[in-house]
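Below is one structure, written out as structure tokens; comments come after it.
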2 protein chains.
Amino acid sequence: MSNSGQFSFRKHVAPQPSGNIGKAERTRAAILNAALGIIWSHPFRDMTVGSLMAETGFSRSVFYQYFDDLHDLMKTLLEDLQVDIFDVTGAWFEGVGDPIVLLDESLSGLVTVCYKFGPILRAVDDAAATDERFEKDWRRFLGKFDDAVTSRIEADQQQDLIPGFDARPIAIALNRLDAYTLINAFGQRPRKNPKPVNEALSRIWIASLYGSEWPEKGSSNLVRK
Amino acid sequence: MSNSGQFSFRKHVAPQPSGNIGKAERTRAAILNAALGIIWSHPFRDMTVGSLMAETGFSRSVFYQYFDDLHDLMKTLLEDLQVDIFDVTGAWFEGVGDPIVLLDESLSGLVTVCYKFGPILRAVDDAAATDERFEKDWRRFLGKFDDAVTSRIEADQQQDLIPGFDARPIAIALNRLDAYTLINAFGQRPRKNPKPVNEALSRIWIASLYGSEWPEKGSSNLVRK
DNA sequence: GTTTAAATTGACAAGATGTCAAATTCTGGG
DNA sequence: CCCAGAATTTGACATCTTGTCAATTTAAAC
């Protein structure tokens with residue numbers, strides 16, 4: 001899905017013995033494209049195998065030749081999304097340079113990708129609610145980020161760039177912040193303006209991790225009146 | 001749902017002309033209790049009208065005498081939850097006293113309630129994915145918090161307790177942080193330990209809103225090596 | 001061109017939903 | 001105590017969606 005939106009699934013088209021492209025691969029790609037088309041303008045709950053295959057012109061049973069069910073199809077979409085997202089957020093995770101600058105870069109990359117693929121992200125989350133196996137896939141996806149963020153925080157803590165709190169709960173919380181703020185903002189059209197979203201996420205991440213001064217509970221200078 | 005868990009739906013039981021309780025009310029309550037019982041140990045997707053009514057001993061069609069569909073039932077559960085949550089988070093919203101202390105109180109109240117009713121919260125979110133009308137209810141619910149938090153932030157900004165950023169995007173982001181961190185932690189058993197969750201949320205909210213020192217991008221004292 | 005494997009189809013059984021008319025059970029007035 | 005009317009409950013039905021299968025059509029290799 002590194003291409004720009006709805007159509008053409010080069011990624012899924014395996015090379016053919018001859019220079020030609022197999023019918024099967026073309027059919028599979030057509031189904032995936034039809035799915036994207038639906039997801040872009042309708043919630044996941046409105047996509048049935050029937051409505052999906054109607055878009056393609058093939059009969060309904062063809063679907064089952066290529067996918068186990070709709071959630072299996074969503075898994076493919078999620079895998080593509082995962083590549084794009086890890087690509088674009090790599091900077092901070094690798095961590096060479098000013099961590100605040102890197103974090104800012106990673107977040108704005110994330111916002112850009114999710115702005116582009118917001119409806120897919122939303123469909124993935126919706127689909128996870130209705131299928132046990134796919135829910136696990138979605139959790140695994142989020143879990144990878146939880147691990148990566150936890151590691152990054154712990155590394156920076158060892159250098160005293162980040163105060164020494166329990167990293168994992170914060171990592172989990174910040175990832176849920178991202179995922180659901182982005183789904184809320186870009187999950188359906190009309191999508192919100194990405195700028196304020198980006199600023200909000202940056203502010204919260206940076207304040208939580210690198211904001212150096214920690215007000216004490218009851219610190220007098222913050223008491224009203 | 002101010003009572004402690006699965007059973008007894010006094011709230012839904014209307015007073016009777018005579019001291020007695022109508023059969024209808026009892027049936028309705030039995031259905032709601034059965035729903036809670038299911039939600040506590042199974043994901044929402046496994047609850048069908050059939051499985052639900054099997055628990056009650058009534059026939060499946062009785063369900064439709066009392067609710068339009070499962071989402072209509074979930075709406076009732078959400079409404080109860082909403083009361084409990086607004087109850088317990090009121091402190092910071094009203095805002096008389098040290099705002100950091102108040103915020104901390106509100107958050108720990110929220111954690112307590114969600115620890116108690118986590119599976120319901122999760123079921124509500126899952127249910128929202130499968131029904132248009134109920135999704136709107138869930139959004140309205142979150143929206144009320146978005147409004148309340150935005151107001152509170154703006155009020156504190158006017159007193160220079162909080163820096164003058166665009167309040168609404170931050171409010172939305174922080175509410176998604178809460179909702180989905182809590183669903184993740186307490187939405188299914190075994191629930192996580194509430195203490196670290198509470199600490200993580202407090203840290204993030206307080207740092208984002210009242211953390212006074214804001215590191216600049218590229219500030220040299222944070223560059224590695 | 002024929003053969004063999006892949007791709008596609010239509011028909012089917014199972015499970016869930018929401019509706020309805022009919023049957024049963026309550027309730028209050030005589 | 002009994003009965004009429006209302007409230008409650010039931011079983012059967014039509015519809016939709018899903019996933020499977022055997023049969024048929026189409027494409028590729030020899």
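We name chains A, B, ... by the order of the sequence lines, and we start the count at 1 in each one.
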Asp46(B) atom CG is separated from dG15(C) atom C1', nearest whole Å, by 14 Å
note: Met53(B), atom CE; dG11(D), atom C1'; distance rounded to Å ~ 14 Å
(message) Is it the case that atom CD in Glu132(A) sees more than 12 heavy atoms from other parts of the structure closer than 6.0 Å?
(response) no
In whole angstroms, the gap separating P of dA5(C) from CD of Gln65(A) amounts to 16 Å
Side chain to side chain contact (heavy atoms under 4.5 Å, CB included) test vs Ile31(A) passes for just one of Glu55(A), Met53(A), Arg26(A), namely Met53(A)
Ion pair Arg176(B)/Asp146(B), N-O distance below 4.0 Å: yes
Contact string for nucleotides 15-24 of chain D, one letter per nucleotide 5' to 3', B = base within protein heavy-atom range under 4.0 Å, S = sugar-phosphate only, - = neither, reads ---BBB----
Between CZ of Phe58(B) and P of dT24(C) the distance, given in whole Å, is 18 Å
Rounded to whole Å, CZ of Arg26(A) lies from P of dA6(C) at a distance of 17 Å
Under a 4.0 Å N-O cut-off, is there an ion pair linking Glu135(A) with Arg139(A)? yes
By side-chain hydrogen bond (donor to acceptor under 3.5 Å, both in side chains), Arg191(B) pairs with (sequence neighbours left out) none
Atom CG of Leu52(B) and atom C1' of dG15(C) are separated, to the nearest Å, by 17 Å
Atom CG of Leu73(B) and atom P of dG18(C) are separated, to the nearest Å, by 12 Å
**OP:** May I ask you to check whether Phe145(A) and Phe86(A) place their ring centres under 6.0 Å from each other?
**Re:** yes
